[in-house]
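Shown next, in structure tokens, is the structure this report addresses.
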Amino acid sequence: MDVLMSRSAGRTEIAYDVDEGREVVLTLMDLSPSDLDVAVRINLARGSRAVVRIASVCTGKSSKVFDVNVRHEGADSYSRADMAGINQGSGELRFLGTSYIANGARGSDTRQDGRVTNLSPDSKSEVSPVLLINDNDVKASHGAALGAYDPEAIYYMMSRGLTEDESKRLITIGSLMPVVDSFADRSLAEEAKRLLGGIGL
Amino acid sequence: MEKLIVSNLSAEADGKKILNDLNLTLSKGDCMALLGPNGHGKSTLFNVLMGSPEYTVTSGSVTMDGEDLLALTADQRSRKGMFMAFQNPPDIPGIVASDFFRASVNVRRGEPVSAYDFYKLTEEAYRKVGLNSDMASRHLNEGFSGGEKKRDEVLQMLLLEPDLVFLDEIDSGLDVDALSQIASIINEMRAKGTTFVMISHYDRLYNIVPPNRTAVMVDGSIVLEGDASLAKRVSAEGYSFLHSEYGINLAKKRPIADPKAPDILSLGVD
Ligand SMILES: Nc1ncnc2c1ncn2[C@@H]1O[C@H](COP(=O)(O)OP(=O)(O)O)[C@@H](O)[C@H]1O
Ligand SMILES: [Mg+2]
């Protein structure tokens with residue numbers, strides 16, 4: 001499922017029960033200029049799969065929370081959750097994720113990744129992946145990163161003639177592009193690119 | 001660029017002095033070999049001239065044809081025709097190489113380059129540096145081998161057509177064939193009047209791109225200048241003759257480990 005949020009506000013809940021052997025792919029991009037609370041709940045039966053990709057741009061004073069909760073109920077289930085964000089203003093961007101592996105869900109494999117680039121010293125961001133493991137013989141890992149622009153990258157780009165702002169803009173858009181590229185719906189991907197280009201980062 | 005004049009330049013990073021009262025003049029068409037023991041400030045000089053924000057100039061001046069270069073940002077210097085091939089080009093994930101190249105070509109043109117012209121330009125450049133043009137769709141430098149990164153730097157030099165070029169160990173990690181491809185590109189650009197400064201420890205580069213001048217850097221200053229034979233001699237013999245024949249002390253005055261340690265008169269180079 002592809003989701004592009006450009007004017008959303010408030011709470012959104014997306015829930016799936018994935019049946020045995022089935023797969024759900026959720027790609028969500030959020031460019032809304034408002035407060036947001038997005039909860040994704042996925043229950044995985046035996047041998048099922050979930051791939052969740054989220055990208056968010058947080059502007060102004062907005063407060064945004066993305067909470068991805070994946071429950072591995074059945075054995076040999078698989079999940080990936082990857083969240084990338086840009087926090088531009090003095091607002092708050094939080095990526096929370098919980099992977100729960102139930103007793104009996106052996107052979108399951110889960111990974112969560114979250115990264116936020118803070119563009120302002122006032123940006124408040126949080127990336128907290130949580131793994132709750134109740135069986136043996138599973139694979140579970142996570143990665144979390146909070147950062148500002150890599151000054152070496154900016155300098156490299158500027159040394160080829162791009163202004164500092166243009167360099168930052170390309171890096172910002174670049175960090176969200178993998179999410180745009182994974183939209184199954186090409187017209188939505190084009191629309192997301194257009195909105196990203198016009199967001200004036 | 002007709003003349004670049006570096007006068008009494010001192011610069012530091014993290015409170016550590018790296019360039020010390022350095023003087024250097026480049027004239028249009030020069031091809032200078034810049035040598036010096038490891039860690040004595042060669043790359044720093046390039047980076048300060050290119051406008052890296054990592055370094056603070058504490059005194060001295062740099063002018064290009066009379067204009068104060070130090071007042072310009074790195075991108076302004078690039079658009080004035082300067083180019084530095086990085087010793088270690090950084091990986092930039094998320095940015096597709098061809099998008100970046102197009103942007104960097106466009107900033108120096110009145111009209112954006114047409115899709116067809118850009119295609120022809122890049123195909124030709126990829127062919128010249130011996131890289132597959134499929135690499136244009138990859139992310140900038142990401143997952144490139146050392147040699148591929150070096151070729152990719154030369155590729156960008158071709159696309160941007162600078163007239164003052166700093167090559168920082170462009171030959172390291174290149175095999176013999178790659179080196180001769182790169183050398184013929186440099187020689188072609190020289191023939192058109194492009195000015196080069198090349199940092200390299202090896203005379204295999206200087207043999208195929210013969211410099212007209214050599215400068216040797218020790219402890220953040222240019223301590224000796226000469227013609228091509230000086231570069232040859234350093235490549236063959238190392239730096240100890242600087243001390244025995246010219247009385248140049250090869251130890252850095254301010255060792256990094258202990259700034260309060262006394263000056264050491266030694267020939268040890270790091
Ligand atoms: N950004 C920096 N911060 C702190 N020290 C630096 C920095 N850049 C270079 N240096 C130090 O300055 C000295 C000269 O480095 P460099 O210019 O890279 O030498 P070279 O290119 O001649 O080998 C080294 O001791 C190096 O560790
Ligand atoms: Mg160096």
Side-chain angles (χ1 to χ4, degrees), chain A residues 27 29 53-57 82-88 113-119 143 145-183 189-190 192-194 196-197 199 201, chain B residues 13 46-55 72-109 137-142 149 152-153 155-162 164-166 168:
Chain A
T27 303
M29 171 154 238
R53 294 185 196 90
I54 292 178
S56 173
V57 178
D82 189 0
M83 303 191 252
I86 313 279
N87 193 349
Q88 185 194 33
D113 282 286
R115 306 175 290 289
V116 176
T117 305
N118 287 321
L119 303 198
L146 276 181
Y149 288 112
D150 173 8
E152 172 88 1
I154 301 284
Y155 166 51
Y156 182 79
M157 296 173 75
M158 289 177 72
S159 82
R160 303 293 141 94
L162 279 67
T163 62
E164 186 172 353
D165 286 350
E166 178 67 3
S167 305
K168 288 181 173 173
R169 203 180 64 85
L170 284 182
I171 289 180
T172 305
I173 292 177
S175 69
L176 304 181
M177 235 11 128
V179 175
V180 176
D181 286 337
S182 54
F183 274 136
E190 287 311 312
K193 279 186 191 171
R194 194 184 64 74
L196 262 180
I199 206 161
L201 286 156
Chain B
F46 276 8
N47 279 301
V48 168
L49 294 178
M50 197 65 225
S52 166
E54 262 186 66
Y55 302 96
L72 305 178
T73 53
D75 56 309
Q76 291 169 325
R77 298 182 205 195
S78 164
R79 297 198 295 273
K80 291 228 174 262
M82 294 174 67
F83 182 91
M84 179 180 94
F86 281 51
Q87 184 174 353
N88 300 305
D91 292 13
I92 310 195
I95 296 184
V96 175
S98 64
D99 292 347
F100 177 67
F101 297 162
R102 187 196 302 269
S104 59
V105 165
N106 280 340
V107 293
R108 58 204 78 228
R109 299 191 174 208
S137 59
R138 289 184 38 191
H139 290 174
L140 211 49
N141 297 329
E142 203 182 21
K149 284 189 175 185
D152 210 69
E153 293 293 279
L155 176 101
Q156 293 178 63
M157 173 178 83
L158 278 169
L159 295 176
L160 302 184
E161 302 181 318
L164 173 57
V165 175
F166 304 124
D168 197 346

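In what follows, every chain begins at residue 1, and chains take the letters A, B, ... in the order their sequences are listed.
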*asked:* Taking the side chain as everything from C-beta on, heavy atoms only, tell me whether T163(A) gets closer than 4.5 Å to R79(B).
replied: yes
_Residue pair R160(A) / Q156(B): nearest heavy atoms and the distance that separates them_ = NH1-OE1, 2.9 Å
*Where does I171(A) contact chain B at under 4.5 Å (heavy atoms): side chain, backbone, both or neither?*
both
*Please lay out, stage by stage, how Q76(B) and M158(A) fare under the test side-chain contact (heavy atoms from CB on, under 4.5 Å).*
CA-CA 8 Å; Q76(B) 291 169 325; M158(A) 289 177 72; over 6 Å; no
*What part of N141(B) lies closer than 4.5 angstrom to a heavy atom of chain A: side chain, backbone, both or neither?*
side chain
*Measuring from L170(A):CG to S104(B):OG, what's the distance to the nearest 0.5 Å?*
10.0 Å
*asked:* Can you tell me which portion of R77(B) sits under 4.5 Å from chain A's heavy atoms? Options are side chain, backbone, both or neither.
replied: neither
*Would you mind checking which part of T73(B) comes under 4.5 Å of any heavy atom in chain A, side chain (CB onward), backbone (N, CA, C, O), both or neither?*
side chain
*Quick check: are there more than 12 heavy atoms from other residues, nucleotides or ligands sitting under 6.0 Å from CD of E161(B)?*
no
*Is the shortest heavy-atom distance from the side chain of I92(B) to the side chain of M157(A) under 4.5 Å?*
yes
*Shortest non-hydrogen contact between Y155(A) and G51(B), atoms and distance*: CE1-C, 3.9 Å
*Side chain, backbone, both or neither: which part of F86(B) has a heavy atom under 4.5 Å from chain A?*
both
*At a heavy-atom separation under 4.5 Å, does L159(B) approach chain A through its side chain, its backbone, both, or neither?*
neither
_Test item: D75(B) and S159(A) side chains (from C-beta on) under 4.5 Å apart, heavy atoms_ = no
